[in-house]
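All of these numbers come straight from a predicted model, not from anything done at the bench.
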Amino acid sequence: MSLKQKIIIIISAILFSSLPFSLYATGWDYLQPYTLSLVLLGSFGALVLAHLSIVKMRRYQTKLEQSEERLRLSLWGSGDELWDWKIGSSELYRSSSWLHPVELTPESQDFPPNKAQIHPQDLERVSQLLQDHLDGKTAHFEATYRLKGADNNWIWVLDRGKTVAFSANGKPARMTGTLKNINQLKQTEEQLQLFARCLKTISDAVVICDTNFTILEVNPSFSKITGKSREKILQQRFELSLYPSAFMHDVHKQLAKTGTWSGEIQEQHQNGNIYQAELTFDQIKDDQGNVTQYVAVFSDITERKQREAELHRLANSDTLTGLPNRAQFMQKLAELVSSKTEHALLVFDLDNFKKINDSLGHELGDSLLCKLADRLSSYSKYHRKLYRLGGDEFAIMLDQTNDLHHITSLAKELLALINQPLLVNQHELVITSSVGIVLFPDDGMDPQALLRNADTAMYHAKSQGANRYLFFNDSMNKLAVKRLQLENLIRHGLKEDYFAVYYQPKMDIVSGQLVGMEALVRFITPKGGIVSPASFIPVAEETGQIIEIGEVVLRKACLAVKGWIDQGLFQGRVAVNLSSRQFSLPYLCELIDDTLQQAELPSYHLELEITEGTVMQSPPQAIETMKKLRARGIHLAMDDFGTGYSSLAYLKQFPLNTLKIDKAFIDDMNTARGRNMVDTIMTIAHNLSLSVVAEGVEQEEQLAMLRKLRCDVIQGYYYSKPLSDSEFTQFLQEQKARRIKLSAVPV
């Protein structure tokens, strides 16, 4: 009999039992039609109710099946398996997503219930964790351990569970939980732990940075090599204190280009010591190939470099005096000749040294050479320039100079140092020397010819009475004498005020109006002769007289401009050149302040022109000085731009107002390459918000091309040669009259 039939019978019985007793008493025949209808109606109602109940039960059963399916699929999808442990009966049910559902009935004495499947090394720990939970010491049971799989291999699992039912005496009666296969995660974790141990123990420093070089993590060797603690360095930018900021910018560009950078660096330890390191940067990319971090690895190579330096020293040093030996001398000389670098050689030996050896012994002679070498090498001007060629013969190599004044001054100082008495083994010895001097390329085109000619000059000096220096040819001696005469003339000119200031106008290329002028020094002798700046300025630079000359020019220019402003003739700026010696003066800013104050000239009427070579001698110090000058309202211009070796990375840091293009580039504008060079310089300047002055403009064609290239200001003989004070006053008056005339013309 079906469930539906049973329900109909029950409902019918209920209906019949509910009929009034009086219906039976009146007689069945009379009530038969009415009763039958009522019974049929009740039966129909019962059928409807039964059907609704069945539909409701089926819906409930469907939802239950769907819920069970979702649970089963969720467990299957997550990789977890469900377990149910009836503690009292020691029954354990596991519905595994790894295996077919299985119901285990372990022995009642087993604890944990799956004891036979747990790795022996993990069993004690798992048992303790489970017992702690059953004793109420923990809210949940959680353990990772190795479990034997269907293939009898050990699998790492994460087991989690909780007591869900208690007995009447409050003891745990039932636990349920999940079991997750974490074997792959465990292997990954072990690999990561291995990598972490490797990073922790390797001797090389490892730094992990983001793409902005912000440090994310370092290993212990980093702190050991640098002396910087991990806590203080995290979230700080990776920097090398002995290098400019542009260095890391170049590293970044190389990483972006090739994905790696490597090189040797020097850095300062936290304790102040300098160490050397081999540094490598590499990119770290994600699965999509995007760069997410940089990793830097560097090793301390200080000891290795010291050993290499010591080996190099032994191979290239004289064993007696410790000076660089002949091999090192010839190597350096060959490099200078190969690079076509101007240089001078001073080769000298000791007069009558053979008599000292013969009379006092070779041991004393060796001691004499050592003491002399110590004296000469300790003299700052000979530092790293002194060599011992053999016996009593030495050499001094002066690279990047053919300046006769400088060379003769050093030769005199050399003879004076050698002439000073030496105390050797209780013998006071006074020795003399003969010096031969050659210049490259005038006196030889290869190292052997230069050394041979220097020896020749030295022997000629010895034959002329010794204790003197001699150039390889007579013409150079005459030039040296002339140089000394010019030095004396400059000294006299400063004393007698022979230095005058001339002014060359700077004209706006669009309006043709005067916007400023450059102050140029002229050396005028009492008889009216003019000494070329190309002759006296290099000498003044060498002797330091350029500082005093610069002060004269600055003072006279400021006084003249103040006078023209008071006359209503001028409202622009005067540009005054600063030599490298002036620019390096520690009191430069104070000197300029005093000069402006004495002339009562506002600082915005002054512009200082500085050459590329001057600022690139020490860019950080130059930037600091330039900022101080700019803070006073003084304009700054870089003179002769393009002829030096400026770094664009530094150029954007220099607080400049103006770039001046050298005359050599203007003269070369008749070629496409020359025009492109000028165009490039102007583009750089305008992109840096700098105005451009083209100097040395002499032709209409040059002016037309500069207009097309959007030059701002021009200076040169096209408008005017440098003018004296009175001539420039007349020029300003003519400019003023022209402006008045133009303003009177009706528009």
Could I get the full list of side chain to side chain contact (heavy atoms under 4.5 Å, CB included) partners for [X], not counting sequence neighbours?
| X | answer |
| --- | --- |
| Asp712 | His686, Ser691, Val692 |
| Ser221 | Asn219 |
| Glu393 | Val347, Asp349, Leu389, Asp455, Met458 |

> Using a distance-only test with no angle check, is there a side-chain donor-acceptor pair under 3.5 angstrom linking Asn212 and Thr214?
Replying inline: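 No pair is found: no donor N or O on one side chain lies under 3.5 Å from an acceptor on the other.
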Does anything in [range] pair up under side-chain hydrogen bond (donor to acceptor under 3.5 Å, both in side chains), and if so which pairs, sequence neighbours excluded?
| range | result |
| --- | --- |
| residues 362-381 | Tyr379-Glu413, Lys381-Glu413 |
| residues 275-289 | Thr260-Asp282 |
| residues 580-593 | Ser579-Gln582, Asp593-Arg632 |
| residues 231-247 | Arg237-Glu239, Ser241-Glu267 |

> For the atom pair CD1 (Ile490) and CD1 (Ile537), what is the distance rounded to the nearest 0.5 Å?
Replying inline: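 Answer rounded to 0.5 Å: 9.0 Å.
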>> A side-chain contact here means heavy atoms from C-beta on lying under 4.5 Å apart; do Val207 and Phe222 qualify?
In response: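 Answer yes - side chains close enough.
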Which residues pass the side chain to side chain donor-acceptor pair (under 3.5 Å) test with [X], sequence neighbours left out?
| X | answer |
| --- | --- |
| Glu541 | none |
| Glu695 | Lys660 |
| Arg452 | none |
| His249 | none |

> Can you check whether Phe281 and Phe238 have ring centres sitting under 6.0 Å from each other?
Replying inline: yes
> Charged N to carboxylate O below 4.0 Å: is that the case for Glu624 and Lys627?
Replying inline: no
>> Counting neighbours of CD on Glu303 that are heavy atoms of other residues, nucleotides or ligands and sit closer than 6.0 Å, is the number greater than 12?
In response: no
>> Is it the case that over 12 heavy atoms from other parts of the model lie below 6.0 angstrom from the CE atom of Met677?
In response: no
>> Under the side chain to side chain contact (heavy atoms under 4.5 Å, CB included) test against Phe298, which residue among Thr226, Asp204, Val206 passes?
In response: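 The side chain to side chain contact (heavy atoms under 4.5 Å, CB included) with Phe298 is passed solely by Thr226 among Thr226, Asp204, Val206.
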Give the table of side-chain donor-acceptor pairs shorter than 3.5 Å for residues 338-345, with sequence neighbours excluded, one pair per line with atom names and distance.
from   : atom 1 : to     : atom 2 : distance (Å)
Ser339 : OG     : Glu335 : O      : 3.0
Ser339 : OG     : Leu336 : O      : 3.2
Ser339 : OG     : Thr341 : OG1    : 2.7
His343 : ND1    : Thr341 : O      : 2.7

